[in-house]
Amino acid sequence: MEGVTPDSLLALHAAGYRTVIERLGPGAMLDVGCGQGFESARFLSPDRVVVGVDYSADAVSAAAGRWGTEGLHVAQMNALSLGLADGSFRWACSSHLIEHFDDPEGHVRELSRVLADDGTVFFLTPNAPADFENPFHIHLFEPPELTDLLARHFHDVTVQGMDAVPHVKADFTTRRMKADKVLRLDVLDLRHRIPRSWYIGIYTRVLPLAYKVIARGDSGGMTGITADDFFITDQLDRTTMVLFATASRPRRPA
């Protein structure tokens, strides 16, 4: 949400897509969890057909209305059961999506199925120790677990990190500390005792208001933080912000 979501978070997502784009070649491309298509449209090029899919009908409608004339193909689908033929794509992207599933292996399995034999998929997901509490983040990964999961479905797997320059990491740390102070007001831990659907409903309504309080002055471009403040690294630790995984050559069922 531009103007509401902190600049650092918008820049983090933009940096992830830029990192994927830098590694792409020609061939059909699938973006799973495309949302309103703003980032998916960045994959478009004369030598690349791009398909974006999302669970939300509203998001797909918005993406089609804004980017359909630019060449982006969109469809409503469940990422655990993609309505796509085997081996349809040379490339795929799953950005900040795998952590939202009770069964993340089902998501990985589907992506391996729809990729060509020489296909590659890129995963971006929060590094578990560095993430904020978020009821939508059901299954967080550390590097060894993500590596093991992907290796069950792909022959070639590399897990790197996406990190930020010191002042941007400090920005995330400061906001995490502010959020933790707010969460400590829930002394009875009610958010984890009520039905999860209730927690999600409350979280969805409160988050934009919380950003205005916790991240006041951190949005709308006021901080100067951009995608250029993020970089890919092989040096991973508990403070590394995001895991960036590359998985190639799907394993086929015997």
Quiz item: Should Thr125 and Val242 be marked as a side chain to side chain contact (heavy atoms under 4.5 Å, CB included) after you check the CA-CA gap, both sets of side-chain angles, and the distance that decides it?
Solution: CA-CA 6 Å; Thr125 188; Val242 170; 6.0 Å; no
Exercise. Please test Val50 against His73 for side chain to side chain contact (heavy atoms under 4.5 Å, CB included), starting from the C-alpha separation and ending with a verdict.
Key: CA-CA 6 Å; Val50 181; His73 303 276; over 6 Å; no
Practice problem: Please step through side chain to side chain contact (heavy atoms under 4.5 Å, CB included) for the pair Phe141 and Ile98, ending with a clear verdict. | Solution: CA-CA 9 Å; Phe141 290 89; Ile98 192 173; 4.0 Å; yes
Quiz item: Should Thr240 and Gln235 be marked as a side chain to side chain contact (heavy atoms under 4.5 Å, CB included) after you check the CA-CA gap, both sets of side-chain angles, and the distance that decides it?
Solution: CA-CA 8 Å; Thr240 303; Gln235 305 301 314; over 6 Å; no
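Between Thr239 and Pro129 there is no side-chain heavy-atom pair separated by less than 4.5 Å. In this structure the side chain of Asp148 never reaches within 4.5 angstrom of the side chain of Leu146, judged on heavy atoms. The side-chain heavy atoms of Val108 and Leu111, taken from C-beta on, include no pair separated by under 4.5 Å. The side-chain heavy atoms of His13 and Phe230, taken from C-beta on, include no pair separated by under 4.5 Å. Considering only heavy atoms from C-beta on, Ile138 stays 4.5 Å or farther from Phe101 through its side chain. In this structure, Leu115 and Trp91 have side chains that are not in contact, with every pair of non-hydrogen atoms separated by 4.5 Å or more. By the 4.5 Å heavy-atom criterion applied to side chains, His107 and Leu97 are counted as neighbours. For the pair Met29/Leu24, a side-chain contact is recorded, criterion being any heavy-atom separation below 4.5 Å from C-beta on.
Taking every heavy atom of both residues into account, Ala116 and Pro250 meet most closely at O-CD, 3.3 Å. When all heavy atoms of Gly33 and Asp54 are compared, the pair lying nearest together is C-OD2, 3.3 Å. The heavy-atom pair separating His153 from Leu149 by the smallest distance is CD2-O, 3.5 Å. Heavy-atom minimum distance, Asp7 versus Gly224: OD2-N, 4.3 Å. Nearest heavy atoms, Ser248 versus Thr120: OG-OG1, 2.7 Å. When all heavy atoms of Val168 and Ser8 are compared, the pair lying nearest together is CG1-CB, 4.5 Å.
In this structure, Tyr17 and Phe43 have tilted ring planes: the angle between them lies in the 30° to 60° band. Note: Phe123 and Phe154 have perpendicular aromatic rings, judged against thresholds of 30 and 60 degrees for the angle between ring planes. Classified by interplanar angle (parallel below 30°, tilted 30° to 60°, perpendicular above 60°), the ring pair His100/His137 is perpendicular.
Remark: His155 NE2 to Ser112 OG distance equals 10.0 Å, nearest 0.5 Å. Separating the CG atom in Leu80 from the CD atom in Glu105 is a distance of 11.5 Å, to the nearest 0.5 Å. Distance check, rounded to the nearest 0.5 Å: CE of Met77 to SG of Cys34 gives 10.0 Å. To the nearest 0.5 angstrom, Phe122 atom CZ is 10.5 Å from Glu22 atom CD. In this structure, Asp117 CG and Arg249 CZ are separated by 10.0 Å, a value rounded to the nearest 0.5 Å. Rounding to the nearest 0.5 angstrom, the gap separating the CG atom in Leu236 from the CG atom in Asp163 is 8.0 Å.
Side-chain heavy atoms closer than 4.5 Å link hydrophobic residues (I, L, V, M, F, W, Y) into clusters, and following such links, possibly through other members, connects Val114 to Val121. With hydrophobic clusters built from ILVMFWY side chains whose heavy atoms lie under 4.5 angstrom apart, Val53 does not share a cluster with Val49. Leu72 and Tyr55 fall into different hydrophobic clusters, where Ile, Leu, Val, Met, Phe, Trp and Tyr are joined by side-chain heavy atoms under 4.5 Å apart, directly or via other members. Leu150 is not connected to Met162 by any chain of hydrophobic side-chain contacts under 4.5 Å among Ile, Leu, Val, Met, Phe, Trp and Tyr, and they are in different clusters. By the rule that hydrophobic residues join a cluster once side-chain heavy atoms approach within less than 4.5 Å of another member, Val74 and Val32 end up as members of separate clusters.
In this structure a side-chain-to-backbone donor-acceptor pair under 3.5 Å is missing from Ser81 to Asn78. Judged by distance alone, with hydrogens and angles left aside, the side-chain atoms of Lys169 form no donor-acceptor pair with the main-chain N or O of Met241 at under 3.5 Å. With hydrogens and angles ignored, the 3.5 Å screen pairs a side-chain donor or acceptor of Arg42 with a backbone N or O of Ala14. At least one donor-acceptor pair closer than 3.5 Å links the side chain of Asp229 to the backbone N or O of Thr226. Within the 3.5 Å criterion, the main-chain N or O of Leu84 finds no donor-acceptor partner in the side chain of Ser88. Judged by distance alone, with hydrogens and angles left aside, the side-chain atoms of Glu110 form a donor-acceptor pair with the main-chain N or O of Leu82 at under 3.5 Å. A donor-acceptor contact shorter than 3.5 Å links the side chain of Arg23 to the backbone of Thr19. Of the possible donor and acceptor atoms, none in the side chain of Ser61 sits under 3.5 Å from a partner among the backbone N and O of Ala57.
For the pair Asp228 and Arg18, the salt-bridge criterion is met [side-chain N within less than 4.0 Å of a carboxylate O]. For the pair Asp118 and Arg90, the salt-bridge criterion is met [side-chain N within less than 4.0 Å of a carboxylate O].
Counted by atom type alone, Ser56 and Asp58 present zero donor-acceptor pairs between their side chains at under 3.5 Å. For His139 and Glu145, the side-chain atoms include at least one donor-acceptor pair closer than 3.5 Å.
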